[in-house]
Amino acid sequence: MEALEPVRIGQAGLGAWGKNIVRNLDDLAHLTWICDQTEARRNEFARRFPGARITPDYDEMLADPELEAVVIATPVPTHYALAKQALEAGKHVMVEKPPAMRATEMDELVSLAAERDLVLMPGHLLLYHPGVVKLKELVDSGELGEVLCVYGNRQNLGIVRTNENALWSLGVHDLSVILYLLDEDPEVAVAYGRDFLTPGVEDVVFCYLRFPSGKIAHMHLSWLDPHKMRKMTVVGNEKMVVFDDMELERKVTVYEKGPWRQSAAYGEWQTRTGDIHIPKVDTSEPLRLECQAFLDLIGGEGDRRAVAEDGAMVVRALDRLTESLRG
Ligand SMILES: NC(=O)c1ccc[n+]([C@@H]2O[C@H](COP(=O)([O-])OP(=O)(O)OC[C@H]3O[C@@H](n4cnc5c(N)ncnc54)[C@H](O)[C@@H]3O)[C@@H](O)[C@H]2O)c1
């Protein structure tokens with residue numbers, strides 16, 4: 001059998017994050033184009049990837065009929081327009097999170113991709129993190145019992161952003177994980193926060209979500225905090241589990257702890273503490289796994305529609321949380 005040709009791919013945006021993506025694309029696919037509006041960036045990457053064509057003009061890259069797929073790692077406000085243009089040009093798209101800043105815009109991208117049977121994959125990095133994949137396995141296998149609540153902590157001192165607030169910059173990560181773990185659209189989405197440093201840009205945000213099944217979730221998002229935390233806690237009625245991305249060797253910890261009572265009707269609630277277990281978690285680079293997942297979807301593996309729809313669920317929830325925050 002003939003080996004499949006590597007996907008001919010182009011990338012727009014070679015900034016702080018884009019440079020990590022392009023390195024992986026060059027390893028995993030056929031990097032044929034790179035595009036950035038900043039000349040210094042173009043010069044730097046032209047030296048590093050002499051086999052790729054380089055341009056400041058996104059339209060020129062999209063006009064190449066041999067280009068199959070595009071990765072967009074430009075600033076957030078540009079995502080929707082660039083993704084739309086690429087889909088209209090018939091290219092598969094992986095777009096950094098969030099792909100759009102309004103649910104209506106995201107729905108439009110999802111429809112466009114579905115009509116043309118193209119991949120539209122949001123860059124939700126954590127969904128490819130082996131630690132989060134382990135959390136999902138634990139939730140789906142029923143090992144935790146019934147999941148009652150989930151909460152995320154994403155706090156640090158800095159980086160202070162002035163364009164997107166903590167909800168859009170940090171919250172999109174936790175929200176993508178919470179919705180992936182619970183696989184439900186929230187029926188309540190409430191957020192409170194304050195813009196202490198830059199008017200109109202909330203630095204500290206607290207969010208509450210409630211789901212039709214009765215499960216609840218919370219997110220604390222802040223760049224005004226003494227703790228550097230990147231943590232997700234899942235509380236089940238039989239076991240509880242913590243994913244801590246600041247840990248090197250114990251990314252996932254399962255606690256055999258839970259409430260119990262002797263008789264469901266009359267017994268008093270007691271607590272049970274058992275072993276603490278640290279499952280082995282693969283140390284592969286999540287970004288590489290994410291890029292590979294995009295190529296796999298292009299190759300026909302996985303459910304490309306579901307990936308786009310899951311992305312829309314995240315933007316919908318962000319949109320509602322923003323309304324609540326501003327309300
Ligand atoms: N998944 C993650 O963990 C993660 C982490 C950091 C950033 N990000 C996302 O990556 C994206 C980029 O962030 P960054 O920190 O690299 O930003 P950045 O400002 O460092 O880089 C953006 C680059 O895009 C270029 N650019 C802007 N408009 C363009 C256009 N129309 N065509 C071509 N190039 C254009 C700029 O010249 C710049 O080089 C953002 O969406 C951000 O949310 C994701």
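Because only heavy atoms are used, hydrogens play no part in the values below, and waters and symmetry mates are left out as well, while side chains stay in. First listed ligand is number 1; within each ligand, the first listed atom is number 1.
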Contacts table for residues 86-98: side-chain donor-acceptor under 3.5 angstrom, sequence neighbours left out:
from: K91; atom 1: NZ; to: D64; atom 2: O; distance (Å): 2.8
from: K91; atom 1: NZ; to: L67; atom 2: O; distance (Å): 2.9
from: H92; atom 1: ND1; to: V119; atom 2: N; distance (Å): 3.0
from: E96; atom 1: OE2; to: W17; atom 2: NE1; distance (Å): 2.8

Can a side-chain donor-acceptor contact be found between E66 and T32 if the only test is distance below 3.5 angstrom? no
Salt bridge (charged side-chain N to carboxylate O under 4.0 Å, His left out) contacts in which one or both residues fall within residues 16-28, not counting sequence neighbours: R23-E285, D27-R288
Using the salt bridge (charged side-chain N to carboxylate O under 4.0 Å, His left out) rule, collect all pairs that involve residues 139-164, keeping only residues at least two apart or in two chains. K136-D140, E143-K239, R154-D174
Would you name the heavy atoms of G200 and D195 that are closest together and state the gap between them? N-OD2, 2.7 Å
Using side-chain heavy atoms (C-beta onward) and a distance below 4.5 Å, is D185 in contact with M313? yes
Close N/O pairs between ligand 1 and protein, under 3.5 Å:
from: ligand 1; atom 1: 1 (N); to: E96; atom 2: OE1; distance (Å): 3.4
from: ligand 1; atom 1: 16 (O); to: A16; atom 2: N; distance (Å): 3.1
from: ligand 1; atom 1: 16 (O); to: W17; atom 2: N; distance (Å): 2.8
from: ligand 1; atom 1: 20 (O); to: A16; atom 2: N; distance (Å): 3.0
from: ligand 1; atom 1: 28 (N); to: Q37; atom 2: OE1; distance (Å): 3.4
from: ligand 1; atom 1: 31 (N); to: Q37; atom 2: NE2; distance (Å): 3.3
from: ligand 1; atom 1: 34 (N); to: Q37; atom 2: N; distance (Å): 3.4
from: ligand 1; atom 1: 37 (O); to: D36; atom 2: OD1; distance (Å): 2.5
from: ligand 1; atom 1: 37 (O); to: T38; atom 2: OG1; distance (Å): 2.7
from: ligand 1; atom 1: 39 (O); to: D36; atom 2: OD1; distance (Å): 3.1
from: ligand 1; atom 1: 39 (O); to: D36; atom 2: OD2; distance (Å): 2.7
from: ligand 1; atom 1: 39 (O); to: R41; atom 2: NH1; distance (Å): 2.6
from: ligand 1; atom 1: 41 (O); to: T74; atom 2: O; distance (Å): 3.3
from: ligand 1; atom 1: 41 (O); to: H79; atom 2: NE2; distance (Å): 3.0
from: ligand 1; atom 1: 43 (O); to: K97; atom 2: O; distance (Å): 3.4
from: ligand 1; atom 1: 43 (O); to: K97; atom 2: NZ; distance (Å): 3.1

